[in-house]
Colleague: 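My questions will all concern the structure given below.
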Amino acid sequence: MRESNFRGKAIMTPTELDYLGIRHNKGWVYGNLIANSGKPYIVGDIEEATDEYLNHEFWVAVEPESVGQFIGLKDRNGRGIYEKDIVKFSGSRHRVAWSDRYCGYRLFGSHASYGMNNYHKLDYVVVGDHFENPELLEVAE
């Protein structure tokens, strides 16, 4: 079964996350995605469950625009690649996004798009994400 892993930028501050004991990377939390009335939450693993009760390790409200799914690939530095990441490939920067037309994740840049696969993983370098670093796509190499 494919790993279902999401990330999102917490609405809480990193200090608040630390106080609650929630693991994060500069406010980014990782886990499963639950959306309720259009509001996304990243939740931890299930700690306890019955027919009437479900308890997650943690749950954190996240910025809707920041949510991205792990695409199953890592870059040359071993960093996981997520939807909405900005990746350097073939001499320029591209945004990672799902393509319904090609039924897969692709790199979309100003001049071209490329399919993503394990064969090219040593050529991918994550340089940022579209939520916090949209300017990276506008900056010429």
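When reading the values below, keep in mind they use all heavy atoms of this one structure, side chains included, and skip hydrogens, waters and symmetry mates.
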Colleague: Output all residues satisfying side chain to side chain contact (heavy atoms under 4.5 Å, CB included) with Thr15, sequence neighbours left out; order by chain, then residue number.
Modeller: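 For Thr15, the residues satisfying side chain to side chain contact (heavy atoms under 4.5 Å, CB included) (neighbours in sequence not counted) are Thr13.
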
Colleague: What is the minimum heavy-atom distance between Pro40 and Pro64, and which atoms define it?
Modeller: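 That closest heavy-atom pairing would be CG-CA, 3.6 Å.
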
Colleague: Walk me through it: do His56 and Leu54 pass the test side-chain contact (heavy atoms from CB on, under 4.5 Å)?
Modeller: CA-CA 7 Å; His56 288 276; Leu54 184 66; 3.8 Å; yes

Colleague: Kindly give the heavy-atom pair with the smallest separation between Ala10 and Val60, and that separation in Å.
Modeller: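 Closest approach of Ala10 to Val60, heavy atoms only: CB-CG1, 3.6 Å.
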
Colleague: Taking only residues two or more places apart in sequence or in another chain, which ones pass salt bridge (Lys or Arg N to Asp or Glu O under 4.0 Å) with Glu57?
Modeller: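 Only Arg23 meet the salt bridge (Lys or Arg N to Asp or Glu O under 4.0 Å) criterion with Glu57.
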
Colleague: Which residue pairs satisfy the ring pair (Phe, Tyr, Trp, His ring centres under 6.0 Å) criterion with at least one member in residues 7-39, sequence neighbours excluded?
Modeller: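 Residue pairs with at least one partner in residues 7-39: Tyr30-Tyr82.
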
Colleague: Starting from Trp98, can I reach Leu73 by hopping between I/L/V/M/F/W/Y residues whose side chains sit under 4.5 Å apart?
Modeller: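 Leu73 clusters together with Trp98.
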
Colleague: Is the side chain of Ser37 donor-acceptor paired with the backbone N or O of Lys39 at a distance under 3.5 Å, no angle test?
Modeller: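 The answer is no, because no donor-acceptor pair under 3.5 Å joins these two groups.
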
Colleague: Name all residues meeting the side chain to side chain contact (heavy atoms under 4.5 Å, CB included) criterion together with Asp51; count only those two or more places apart in sequence or in a different chain, and write none if there are none.
Modeller: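 Scan of Asp51 (side chain to side chain contact (heavy atoms under 4.5 Å, CB included), adjacent residues dropped) gives none.
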
Colleague: Please report the closest heavy-atom contact between Glu135 and Glu132, naming both atoms and the distance.
Modeller: OE1-O, 4.0 Å

Colleague: Under the 4.5 Å side-chain heavy-atom rule for ILVMFWY, direct or indirect, which residues accompany Ile34?
Modeller: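 Noted: Ile34 shares its cluster with Tyr41, Val43, Trp59.
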
Colleague: Check for a donor-acceptor pair, side chain of Asp75 on one end and backbone N or O of Asn77 on the other, with a separation under 3.5 Å.
Modeller: yes

Colleague: Considering all heavy atoms of both residues, which atom of Val87 and which atom of Leu107 are nearest to each other, and what is their separation?
Modeller: CB-CD2, 3.8 Å

Colleague: Ser113: which residues meet the side chain to side chain contact (heavy atoms under 4.5 Å, CB included) condition with it, sequence neighbours left out?
Modeller: Arg106, Phe108

Colleague: Quick one: does Lys9's side chain have a donor or acceptor within less than 3.5 Å of a partner on Lys26's backbone?
Modeller: yes

Colleague: To the nearest 0.5 Å, what is the distance between CD1 on Ile22 and CD1 on Ile42?
Modeller: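 It is 11.5 Å, given to the nearest 0.5 Å.
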
Colleague: Find the distance between CG (Leu137) and CZ (Arg93) and round it off to the nearest 0.5 Å.
Modeller: 8.5 Å

Colleague: Which value, rounded to the nearest 0.5 Å, describes the distance between Asn25 atom CG and Leu17 atom CG?
Modeller: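 Going from CG on Asn25 over to CG on Leu17, the span is 11.5 Å.
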
Colleague: Decide whether Tyr105 and Val126 are clustered together by the hydrophobic rule: side chain heavy atoms of Ile, Leu, Val, Met, Phe, Trp, Tyr closer than 4.5 Å, transitively.
Modeller: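 Yes, one cluster joins them.
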
Colleague: Minimum heavy-atom separation for Gly78 to Lys74, with atom names?
Modeller: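 Heavy-atom minimum between the residues: O-CD, 3.5 Å.
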
Colleague: Keeping Asp129 on the side-chain end and Phe131 on the backbone end, is there a donor-acceptor pair under 3.5 Å?
Modeller: yes

Colleague: Mind checking whether Met116 and Tyr114 sit in one hydrophobic cluster, side chains of I, L, V, M, F, W, Y counted as touching below 4.5 Å?
Modeller: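 Same cluster: Met116 reaches Tyr114 through Ile, Leu, Val, Met, Phe, Trp or Tyr contacts under 4.5 Å.
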
Colleague: Start with the C-alpha gap between Phe70 and Phe6, add the side-chain angles, then the distance that decides, and say whether ring-ring contact (aromatic ring centres under 6.0 Å, His included) holds.
Modeller: CA-CA 6 Å; Phe70 177 61; Phe6 291 82; over 10 Å; no

Colleague: Dump the intermediate steps for side-chain contact (heavy atoms from CB on, under 4.5 Å) on Arg95 and Lys84, then the final yes or no.
Modeller: CA-CA 6 Å; Arg95 183 173 188 243; Lys84 301 181 185 175; 3.4 Å; yes

Colleague: Side chains of His94 and Ile86: closer than 4.5 Å at any heavy-atom pair?
Modeller: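 In short, these two side chains do not touch, never coming nearer than 4.5 Å.
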
Colleague: Hey, quick one: are Val29 and Met12 part of the same hydrophobic cluster, counting side-chain heavy atoms closer than 4.5 Å, chains of contacts allowed?
Modeller: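 Both belong to a single hydrophobic cluster.
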
Colleague: Hey, what's the ring geometry for Tyr124 with Phe89, parallel, tilted or perpendicular (30° and 60° as the breaks)?
Modeller: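 Tilted: the ring planes of Tyr124 and Phe89 meet at 30° to 60°.
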
Colleague: How long is the straight-line distance from CG of Asn117 back to CD1 of Ile71, given to the nearest 0.5 Å?
Modeller: 10.0 Å

